[in-house]
Amino acid sequence: MPVVVVESPAKAKTINKYLGDDYTVLASYGHVRDLPPKDGSVDPEHDFEMKWEVATDSRKHVKAIADALKDDNALILATDPDREGEAISWHLEEALKKRRAIKKDTAVSRVVFNAITKSAVTEAMKNPRQVDEPLVHAYLARRALDYLVGFNLSPVLWRKLPGAKSAGRVQSVCLRLIVEREMEIEAFRPREYWSVKAIFATPRGQTYEARLTVLGGQKLDKYDIENETAAELAVQAINSRDFTIASVEAKPANRNPAPPFMTSTLQQEASRKFGFGARQTMQAAQRLYEAGHITYMRTDGIDMAPEAVMAARDAIKDRYGADYVPKSPRMYKNKAKNAQEAHECIRPTDMTRDAGKLKTTDTDQRKLYDLIWKRTLASQMEAARLERTTVEVLSGDKQVGLRATGQVVLFDGFLKVYEEGRDDVIDDDDKRLPQIMEGEAAKRESVTPEQHFTQPPPRYTEATLVKRMEELGIGRPSTYASIVTTIQDRGYVTKDKNRLIPEDKGRLVTAFLSNYFPKYVGYEFTADLEDQLDDVSAGDRDYHDVLSRFWRDFSAAIAETADLRITEVLEKIDEVLSPHLYPPREDGTDPRVCPKCGVGRLNLKTARSGGAFIGCNNYPECRYTRPLSAPSDDPAAQLDGKVLGHDGDEEITLRNGRFGPYVQKGEPTEDQPKPPRASLPKGWAPEEIDLDKALMLLSLPREIGPHPDDGEPVEAGIGRYGPYVRHGKKYANLPEVDEVFTVGMNRAVELLAAKKTRGRGTTAKALKELGEHPESGGPVNVMEGRYGPYVKWDKVNATLPKDVEPADVTMEMAVALIAEKAAKKGGKKTAAKKPAAKKTTPKKTTAKKTTTRKTAAKKDD
């Protein structure tokens, strides 16, 4: 039987179902070879020779394929239809040749399909080809570039900027986008402006809103009413006049649907509508693709196969009627940036299957499929027909004019199914107006001025960042998710309320690269390099030439940094980041003057242990330090270094450290390098700390006395998890922070005893016993848990839905919940009987974990 190789077991299972017993379908579990993470894996001195190594986890998979080929001399490589899939096929072929599993008479072919359906797979088997060499060369070039940058630029960062992590070729450019946007936001100064709106009534008593557009006979621009005084004058001008309807103009308008999804637009829309990150979106899409529900999800294309277009039109007619089907099919075309990723759009493989018919319990998959299905159908539906009305309201002397706008949907068209989300709120003026007649009086009912301020540009979300990268030509569909994820994993960027915010170390790295390697974090340079790689994939350029030109200039740039001193680098970055590091103070004093000694100046410094901070240059006389970020509205930052008083000869100060505010007694000395200090407990505001409270904190832990049972001391203190009492190695939490200073022996012993009874010896209470599992045996019970009732069978615990009472649970319901939970854990939906399960489950679980890890590694490469 011919041996067919795909990336994942899920894909193998689906394809095996279509091909039947005439083929052996195996999984490679992603890439089987990679460059060893050490210097010398890419050799620029020998024509960029690359040394590949079969991963430890992959050896058994390669062996399984080699063993299968002993019984057949036909190998069919059916990995994904993109550069990454082509590379996996090439690696497999090379690895099998080295094992001598591929002999002279072995027929090796490559097949691709854009969807895992029976028709697509069987048609692909009829049209085999060889591995596409230009696509492989494009992959080799990209891997070599990323390696050369990572293994040559990262050591420069480590040496010249302590605490910095590795820098990725495209990730650094992406990080620059986020940092520059944050700098725009910080430099932004809001501008005040006002608008004036009035409520008018028709002679028939219906009201509508209009905004001021003409004042003093002159058309108003957005910022013409600059302050409250000007707004009040405008209000007076409206109130002192009578108005009539000067004109009513109604214009028909059409609104066309958005094209079907490609990778970037799918990630953007999933972020807008569901808050999905790029990785989350692609993982759900990957599972939908492998199950045969959607077409391939890494694509630059928005065109749709003719048969799919006709299927969509039929589905629209059946569901919504012939009025929603345009006379001729809608055709979408775009010029893909990369021929190897110019596949069909992302669409359902069966247009009649909506999300309700999807056989999956995964919420992410169901949501994403529903989005893809609706967008696809909407893209082939009739346009929405609208009527937009503009009403001009004018005073008798024509010195004051207002405008009312409205919109009416005459025919909803594609809006019946789907409407594209937006990154920013836009006023569509879609209010519906009452009947208004030209020449009739407009009765003024109220006039309202409104104050506004211009807003800074918004921080990037993952969706808008991908959109910006796409506009600049940076990255490709197969790389968006991994780029955005990597900069977060390295701690350069954090995500808060779906917005990307640069961390200080992200700013430091960007400032360093922008000043010492400006070319390599340049948008145009990076986009041009992507275009060169596209030329390689099209067979129009030799990849060795691309690497040679890049390495010649890049190695020279690296060499130029050899004599850079750390102090020189810090001075340069200190200058570049000065507005961020030293924001203006409310009292108007110089933000660079040390707030503690008042003599020294603040500078960017680095610690031996790595990491940067702000310190006083009057060291060691002044030991003032603070983190890089010191927002002016942060009480802890404002009070950092405040002297609370003295305990004997030693100064008690309030500090703001890496893990929050704390109090400290004295300064480091040779005899005491780490002076006594205590963190402020949760709920204690820095501005409320005085000397007495500081001394109370520094007195902890407090000895309560000897335990009555064994005489060992009992202590009270504040730890990582809050206030506690301790006896030996036993701890018990205190409910209130203040109790740590007052708790007595009786209370402490009571808490420690209660904690002991809640230990390992206790068992959960059964609320209802249902009997033996009907298929696999073993008791099934409804248990009382810490987080609510649950069903327990063997080692499976399944939480009850919120709307189900424990007393109402039946055996049938319990078995369904157990099966669902077992499936989510990676087990079988109907558990095997215990004796068999003990023998087979561990091996199966390990395989599934490997599958997920390897597949994810391949897809996010």
Side-chain angles (χ1 to χ4, degrees), residues 192-257 323-324 382-417 419-422 424-455:
E192 181 184 8
Y193 68 99
W194 289 69
S195 65
V196 180
K197 294 182 179 179
I199 301 296
F200 289 99
T202 69
R204 292 159 295 283
Q206 296 171 299
T207 60
Y208 55 95
E209 184 181 85
R211 59 185 174 84
L212 183 64
T213 55
V214 176
L215 185 62
Q218 300 295 318
K219 183 179 179 181
L220 288 175
D221 288 331
K222 183 176 182 179
Y223 305 112
D224 281 353
I225 304 178
E226 297 180 339
N227 50 47
E228 187 176 7
T229 302
E232 287 299 330
L233 289 173
V235 171
Q236 291 176 20
I238 297 172
N239 282 329
S240 63
R241 289 169 169 81
D242 293 326
F243 293 86
T244 57
I245 304 301
S247 66
V248 179
E249 185 178 13
K251 289 184 177 179
N254 284 349
R255 186 172 164 192
N256 290 315
D323 291 343
Y324 288 88
E382 188 64 83
R385 294 195 294 275
L386 317 170
E387 185 179 75
R388 291 175 178 154
T389 304
T390 303
V391 178
E392 299 292 349
V393 185
L394 200 61
S395 63
D397 59 5
K398 299 184 179 180
Q399 292 298 298
V400 180
L402 299 95
R403 178 176 297 159
T405 56
Q407 178 175 282
V408 178
V409 177
L410 303 177
F411 174 69
D412 54 2
F414 75 91
L415 294 176
K416 191 175 187 71
V417 177
E419 185 170 8
E420 187 178 24
R422 294 191 175 115
D424 303 302
V425 177
I426 300 173
D427 183 8
D428 263 344
D429 290 329
D430 58 357
K431 302 178 292 293
R432 185 161 188 166
L433 295 174
Q435 184 183 15
I436 303 173
M437 309 294 290
E438 186 174 333
E440 69 183 14
K443 182 183 176 183
R444 181 184 61 257
E445 293 203 342
S446 65
V447 183
T448 307
E450 290 185 14
Q451 184 185 35
H452 308 277
F453 291 95
T454 53
Q455 297 297 310

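Because only heavy atoms are used, hydrogens play no part in the values below, and waters and symmetry mates are left out as well, while side chains stay in.
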Q) Distance from Ile199 atom CD1 to Glu209 atom CD, nearest 0.5 Å? A) 4.5 Å

Q.
Tell me whether the count of non-hydrogen atoms from other residues, nucleotides or ligands lying under 6.0 Å of CG in Asp242 goes above 12.
A. no

**Q.** Leu215 vs Val400 side-chain heavy atoms within contact, under 4.5 Å
**A.** yes

Q: Kindly indicate, with the supporting measurements, whether the criterion side chain to side chain contact (heavy atoms under 4.5 Å, CB included) is fulfilled by Leu220 and Val214.
A: CA-CA 6 Å; Leu220 288 175; Val214 176; over 6 Å; no

Q | Contacts of type salt bridge (charged side-chain N to carboxylate O under 4.0 Å, His left out), residue Glu249, not counting sequence neighbours | A | Lys251

Q | Within 6.0 Å of CD in Glu228, more than 12 heavy atoms from elsewhere | A | no

Q: Please assess Asp412 against Tyr324 for the test side chain to side chain contact (heavy atoms under 4.5 Å, CB included), listing each intermediate value before the final yes or no.
A: CA-CA 9 Å; Asp412 54 2; Tyr324 288 88; 2.8 Å; yes

Q.
What's the separation between atom CD in Glu420 and atom CG in Leu415, rounded to the nearest 0.5 Å?
A. 11.5 Å

Q. Do the ring planes of Tyr193 and His452 sit parallel (below 30°), tilted (30 to 60°) or perpendicular (above 60°)?
A. parallel

Q. Is a side-chain N or O of Arg255 found less than 3.5 angstrom from the main chain of Gly413, in a donor-acceptor match?
A. no

Q) Should Glu382 and Lys416 count as side-chain neighbours, where that means a heavy-atom distance under 4.5 Å? A) no

Q) Side chains of Glu450 and Arg211: closer than 4.5 Å at any heavy-atom pair? A) no

Q | Shortest non-hydrogen separation from Pro449 to Ala231 and the atoms involved | A | CB-CB, 4.1 Å

Q | Closest approach of Leu402 to Phe243 (non-hydrogen atoms, all atoms of both residues) | A | CD1-CE2, 3.7 Å

Q. Just checking, is any N or O donor in the side chain of Gln451 or Glu192 under 3.5 Å from an acceptor N or O on the other one?
A. yes

Q | Check: Arg388 and Thr405 side chains under 4.5 Å, non-hydrogen atoms | A | no

Q. Closest heavy-atom contact between Ala250 and Thr389?
A. CB-OG1, 3.9 Å

Q.
Working to the nearest 0.5 angstrom, can you tell me the gap between Thr390 OG1 and Gln407 CD?
A. 10.5 Å

Q | Glu445 atom CD, over 12 foreign heavy atoms within 6.0 Å | A | yes

Q) Is there side-chain contact between Gln435 and Thr202, with at least one heavy-atom pair below 4.5 Å? A) no

Q. Arg241 side chain to Gly396 main-chain N or O, any donor-acceptor pair under 3.5 Å?
A. no

Q. For the atom pair CD1 (Ile225) and CG (Leu233), what is the distance rounded to the nearest 0.5 Å?
A. 9.5 Å

Q. Quick one: salt bridge (charged side-chain N to carboxylate O under 4.0 Å, His left out) partners of Arg403, sequence neighbours excluded?
A. Glu392

(Q) Please find the pair of heavy atoms, one from Gly406 and one from Leu433, that lie closest to each other, and give the distance. (A) N-CD1, 3.7 Å

Q: Any chance you could measure Met437, atom CE, to Thr244, atom OG1, to the nearest 0.5 Å?
A: 14.0 Å

Q) Nearest heavy-atom pair of Ile436 and Val248: which atoms, and what distance? A) O-CG2, 3.7 Å

**Q.** Minimal non-hydrogen separation, Ala201 against Tyr208, with atom names
**A.** C-CE2, 4.3 Å

Q. Can you find a pair of side-chain heavy atoms, one from Val196 and one from Thr448, that are under 4.5 Å apart?
A. no

Q. Is any side-chain heavy atom of Phe200 less than 4.5 Å from a side-chain heavy atom of Arg444?
A. yes

